[in-house]
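Residue numbers count from 1 along this sequence. Below, all heavy atoms of this structure are taken into account, side chains as well, without hydrogens, waters or symmetry copies.
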Amino acid sequence: MNELLWLAMLAVNFGFILFSYKIFGRPGLYAWVPLAAIVSNIQVIKLVELFGITATLGNIVYASSFLVTDILSEIYGKKQAKKAVFIGLFSLVAMTVLMNLALWFTPAPDDFAQDSLANIFGFMPRIAAASLLAYLVSQMHDVWAYDFWRRRFPGLRRIWLRNNASTMVSQFIDSTVFTVLAFWGVFPPAVLVQIFWTTYLLKWVVGVADTPFIYLARHWFDQGKIPGADTGA
């Protein structure tokens, strides 16, 4: 069931991104970035078995942010993609601060949520710190790399190359930084290594799978089917 749910989440995730872009245009992409940052940092705490390996949940939602920044880079330029990165960073910081402030409140005698919230968000400062650094380094590299490959391999037929060339390296950077900072000392070294490789492998699959969707987003933009389609790069 986990494998089927993972594939279903992959399809639903990409569907939400394209739906948001088709209905709201560029603001829809900006809206997805903080949503992905927050949801993925909650889901990543949960370990699951996928295809016979142990992996953290949240890979799909988090990896989707690379599709969003690549669409922004492709259509609207590097400056707009960087803006999305910083929106994601701000949302992650704000969520961490607000939820940890909530934990400091003394719960009422009839409260049932404190322990559950503490289990999730009490661990969040370390997760958020690791995610912030990993997110910043990997996403800024992705924006830079996409622009780098776009200048050297322009044209619609080369979208697949610049999308995957930028994303694969960026996700490797992200997985390395996040796994070490978030889980060092939490899990045994053997589990840590397995988490790293499985996390990167799953993100790699997501990165390959998102290629048709960036082509579709570009097609919609070129056909004038996106709100504000005259504001592209």
Check your understanding: Considering residues, nucleotides and ligands other than K22, do more than 12 of their heavy atoms fall under 6.0 Å from its NZ?
Key -> yes

Point to revise | same_hphob_cluster(V180, L136) at 4.5 Å side-chain heavy-atom cutoff | key: no

Check your understanding: To the nearest 0.5 Å, what is the distance between OG1 (T96) and CG (L132)?
Key -> 6.5 Å

Check your understanding: Do side-chain atoms of S91 reach the backbone of G88 as a donor and acceptor pair under 3.5 angstrom?
Key -> yes

Review point. Could you walk me through whether S64 and D210 pass the side chain to side chain donor-acceptor pair (under 3.5 Å) check?
Key: CA-CA 8 Å; S64 71; D210 74 20; over 6 Å; no

Point to revise | From D111 atom CG to S116 atom OG, the distance as rounded to the nearest 0.5 Å | key: 9.0 Å

Exercise for review: Check whether the side chains of S170 and Q139 place a donor and an acceptor atom closer than 3.5 Å, and report yes or no.
Suggested key: no

Point to revise | Check: D174 side chain, S138 main-chain N or O, donor-acceptor pair, under 3.5 Å | key: no

Check your understanding: Does the side chain to side chain contact (heavy atoms under 4.5 Å, CB included) test come out yes or no for Q114 and T106, once each step is laid out?
Key -> CA-CA 9 Å; Q114 177 71 11; T106 302; over 6 Å; no

**Study point:** Value rounded to 0.5 Å, distance of CH2 in W160 from OH in Y215
**Key:** 8.0 Å

Point to revise | Intermediate values then yes/no, side chain to side chain contact (heavy atoms under 4.5 Å, CB included), W6 and V206 | key: CA-CA 11 Å; W6 191 84; V206 175; 4.1 Å; yes

Review point. Ignoring hydrogens and geometry, is there a side-chain-to-backbone donor-acceptor pair from S65 to V61 under 3.5 Å?
Key: no

Practice item. Compute whether any side-chain donor of one residue and acceptor of the other, for T167 and D70, lie under 3.5 angstrom apart. Key: yes

Point to revise | CD1 on I71 to OH on Y21, rounded to 0.5 Å | key: 7.0 Å

Check your understanding: Q80 side chain to L72 main-chain N or O, any donor-acceptor pair under 3.5 Å?
Key -> no

**Study point:** W204-Y200 aromatic ring centre distance below 6.0 Å
**Key:** no

Check your understanding: Would the number of heavy atoms belonging to other residues, nucleotides or ligands and lying under 6.0 Å from CZ of F51 be above 12?
Key -> yes

Exercise for review: Using side-chain contact (heavy atoms from CB on, under 4.5 Å) as the criterion, point out the one residue from L29, V85, I214 that pairs with V68.
Suggested key: L29

Practice item. Report, as yes or no, whether the 6.0 Å neighbourhood of atom CG on D222 holds more than 12 heavy atoms from other residues, nucleotides or ligands. Key: yes

**Study point:** Residue pair S166 / W149, side-chain donor-acceptor N/O under 3.5 Å
**Key:** no

Check your understanding: Are the aromatic ring centres of F86 and Y30 under 6.0 angstrom apart?
Key -> no

Practice item. Hey, could you give me the NZ/CG distance between K46 and L57, rounded to the nearest 0.5 Å? Key: 6.5 Å

**Study point:** Donor-acceptor contact present, side-chain R162 to main-chain F153, <3.5 Å
**Key:** yes

Practice item. Kindly say whether E74 contributes a backbone atom to a donor-acceptor pair with the side chain of R218 at under 3.5 angstrom? Key: yes

Practice item. Please indicate whether F16 has more than 12 foreign heavy atoms, meaning atoms of other residues, nucleotides or ligands, lying under 6.0 Å from its CZ. Key: no

Review point. When hydrophobic residues are tied together by side-chain contacts of less than 4.5 Å, even through go-betweens, does L201 share a cluster with W197?
Key: no

Point to revise | Reported CZ-to-CG distance for the pair F66 and N163, which is rounded to 0.5 angstrom | key: 11.0 Å

Check your understanding: Would the F172 and F196 ring centres measure less than 6.0 Å apart?
Key -> yes

